[in-house]
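Only a predicted model underlies this, so the values are computations on that prediction, with no experimental measurement involved. Position 1 is the first residue of the sequence, and the numbers go up from there.
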Amino acid sequence: MSLPAEFHEIAKRVNNWGRWGADDEIGTLNLITDEVVREAAATVRTGRRVPLALPLKQDGVQTGMIPGRVNPLHAMVQINQELFGPGTVACSDDVVTMGLQAGTHWDALAHASHSGRLYNGRPTATVTAHGGAEFSGIDKPRHVVSRGVLLDVARALHKDRLDGSHAVTPEDLEAAEELAGTRVRAGDIVLVRTGQIQVYLAGNKEGYGYPSPGLSVRTPEWFHARDVAAVANDTLTFEIFPPEIEDLWLPVHALDLVEMGMMQGQNWNLEELSTACGETGRYAFLLSAMPEPFVGATGTPVAPVAVL
């Protein structure tokens, strides 16, 4: 089934191909300038650090719905081994097998494609079985540190968490922005809280993934207009699931990653951050969310930290 005309119209309006040159591989992360980072550092007042990652464990968020995206399998390969002989210093080592997007993660721009193209017009054939992503892999963003802004949509709509059928709209984002008391600006990393992660934390993995609130197909234009650098939220699928437009699957992925070149993150735990921001009345902070530089990978685990 071909993508509908409505999708292609939005795609034209948010397209950033060539904006930072024909060779660009990091898209909207170009908007995080030295000045943006200096201003982000200035938001730190107390030094309180809030972790945003879920624990990486075998009983993680994955249920098998996404083929191959397995929860972490951790094994010990050395246990108190005296490598240089009896009586010498002993070491323990581990190995992990996991889907790189199994837990709290970033999607690389090469994670999604449509109509045979990746971000900046590159062909999908540049992603291969042995080499992974030749262009726009997760190793290309060398640093992801900027001003973070929590748009607590659930709190703004006076809910503990949004209903599973709720598509987060630009109007919802603006309501959360008003609650935050700060305007989203160029180079910001926006964190959108729906409250859906509570379902997983309560032990219902199936219910966490489906049905799920998430971003509407209308939101990429809002992020594009504000020149947002990246977006993450507290859901498995990032966008509303099942989709708001029948049979149009993952359109927000395609618009964000392919057309706009905007990295997106999923399974971020924003509950403690929501509490902290609500207590202080401050919703902007320094955010460090460095990708693990797996060469050619289309995603990466991340352990983000907000510093208030």
Side-chain angles (χ1 to χ4, degrees), residues 28-29 31-56 103-106 141-162 168 172-198 200-201 213 215 219 222-223 226-235 238 262-292 300-308:
T28 53
L29 292 181
L31 296 164
I32 303 177
T33 63
D34 292 349
E35 181 179 358
V36 166
V37 176
R38 285 196 301 270
E39 292 176 355
T43 65
V44 177
R45 297 183 186 176
T46 67
R48 178 177 179 179
R49 284 94 60 208
V50 181
L52 308 179
L54 294 173
L56 291 171
T104 304
H105 69 269
W106 282 123
R142 296 174 56 203
H143 31 67
V144 180
V145 178
S146 190
R147 191 178 84 136
V149 177
L150 176 65
L151 293 186
D152 197 337
V153 173
R155 186 187 292 267
L157 298 184
H158 309 289
K159 295 185 177 183
D160 191 37
R161 68 178 177 89
L162 301 180
V168 176
D172 293 336
L173 297 177
E174 289 181 358
E177 187 181 46
E178 183 176 355
L179 170 71
T182 188
R183 181 175 173 82
V184 173
R185 60 196 189 209
D188 282 349
I189 298 174
V190 172
L191 309 183
V192 180
R193 178 178 173 267
T194 69
Q196 181 68 4
I197 200 78
Q198 295 174 20
Y200 167 72
L201 297 175
L215 293 170
T219 56
W222 194 88
F223 296 127
R226 298 299 185 87
D227 266 344
V228 170
V231 179
N233 72 10
D234 54 354
T235 74
F238 189 74
M262 184 180 71
M263 205 162 63
Q264 61 183 39
Q266 289 127 273
N267 301 320
W268 291 40
N269 186 353
L270 304 178
E271 295 304 290
E272 184 181 346
L273 182 61
S274 173
T275 299
C277 291
E279 289 173 350
T280 62
R282 295 191 297 111
Y283 288 76
F285 39 83
L286 176 66
L287 179 67
S288 176
M290 303 294 290
E292 295 294 337
T300 179
V302 64
V305 177
V307 186
L308 282 70

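- Looking at every heavy atom in both residues, V231 comes nearest to M262 through CG2-CE, 3.5 Å.
- The line from CG of L286 to CZ of R49 is 12.0 Å long, rounded to the nearest 0.5 Å.
- Closest of all the heavy-atom pairs between L273 and A306 is CD1-CB, 3.9 Å.
- Listed here is the closest heavy atom pair of A154 and D160: CB-O, 4.0 Å.
- Looking at every heavy atom in both residues, M263 comes nearest to V144 through CE-CG2, 3.9 Å.
- Heavy-atom minimum distance, A232 versus F238: CA-CE1, 4.2 Å.
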Item to complete: Evaluate the criterion side-chain contact (heavy atoms from CB on, under 4.5 Å) for residue pair E177 and L151; output intermediate values, then yes/no.
Response: CA-CA 6 Å; E177 187 181 46; L151 293 186; 4.1 Å; yes
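- Between the CG atom in L157 and the CG atom in D152 there is a gap of 9.5 Å [rounded to 0.5 Å].
- Judged purely by atom type and a 3.5 angstrom limit, W222 has no side-chain atom pairing as donor or acceptor with the backbone of E174.
- When atom types are taken as modelled, the side chain of N233 and the backbone of V192 share no donor-acceptor pair closer than 3.5 angstrom.
- Side-chain contact between V36 and L31 is absent, with no heavy atoms from C-beta onward closer than 4.5 Å.
- Under the side-chain hydrogen bond (donor to acceptor under 3.5 Å, both in side chains) criterion, E178 pairs with no residue at all, not counting sequence neighbours.
- The backbone N or O of T235 sits nowhere less than 3.5 Å from a side-chain atom of W268 that would complete a donor-acceptor pair.
- In this structure the side chain of S288 never reaches within 4.5 angstrom of the side chain of V307, judged on heavy atoms.
- Legend: residues meeting side-chain hydrogen bond (donor to acceptor under 3.5 Å, both in side chains) with E271, ordered by chain and number and at least two apart, are R193, Q198.
- A 4.5 Å side-chain heavy-atom check between V145 and M290 finds at least one atom pair inside the cut-off.
- R155 has its side chain within reach of Y283: a pair of non-hydrogen atoms, C-beta onward, lies under 4.5 Å apart.
- For the pair T104 and N269, the minimum side-chain heavy-atom distance is 4.5 Å or more.
- Among all heavy-atom pairs drawn from V153 and L173, the shortest one is CG2-CD2, 4.3 Å.
- Each of L287, V184, T182 was checked for a side-chain contact (heavy atoms from CB on, under 4.5 Å) with R147, and the lone residue meeting it is T182.
- Remark: the backbone N or O of T43 is paired with a side-chain donor or acceptor of R282 at under 3.5 angstrom.
- Under a 3.5 Å cut-off, the side chain of S274 and the backbone N or O of L270 do not form any donor-acceptor pair.
- When atom types are taken as modelled, the side chain of R161 and the backbone of K159 share no donor-acceptor pair closer than 3.5 angstrom.
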Discussion item. Is there a side-chain contact (heavy atoms from CB on, under 4.5 Å) between L54 and Y200? Walk through the geometry before answering.
Written reply: CA-CA 10 Å; L54 294 173; Y200 167 72; 4.0 Å; yes
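- Annotation: the span from R185 atom CZ to D227 atom CG amounts to 13.0 Å, rounded to 0.5 Å.
- Annotation: side chain of T280 is not in contact with side chain of F285 (no heavy-atom distance under 4.5 Å).
- Using a 4.5 Å heavy-atom cutoff, the side chains of V37 and I32 are in contact.
- When atom types are taken as modelled, the side chain of D188 and the backbone of V190 share no donor-acceptor pair closer than 3.5 angstrom.
- The closest donor-acceptor contact from the side chain of T194 to the backbone of L162 lies at 3.5 Å or more, if one exists at all.
- In this structure, OG1 on T28 lies 10.5 Å from CD on Q264, to the nearest 0.5 angstrom.
- Remark: the backbone N or O of I189 is not paired with any side-chain donor or acceptor of S146 at under 3.5 angstrom.
- Residues passing the side-chain hydrogen bond (donor to acceptor under 3.5 Å, both in side chains) test with E279, sequence neighbours excluded: R48.
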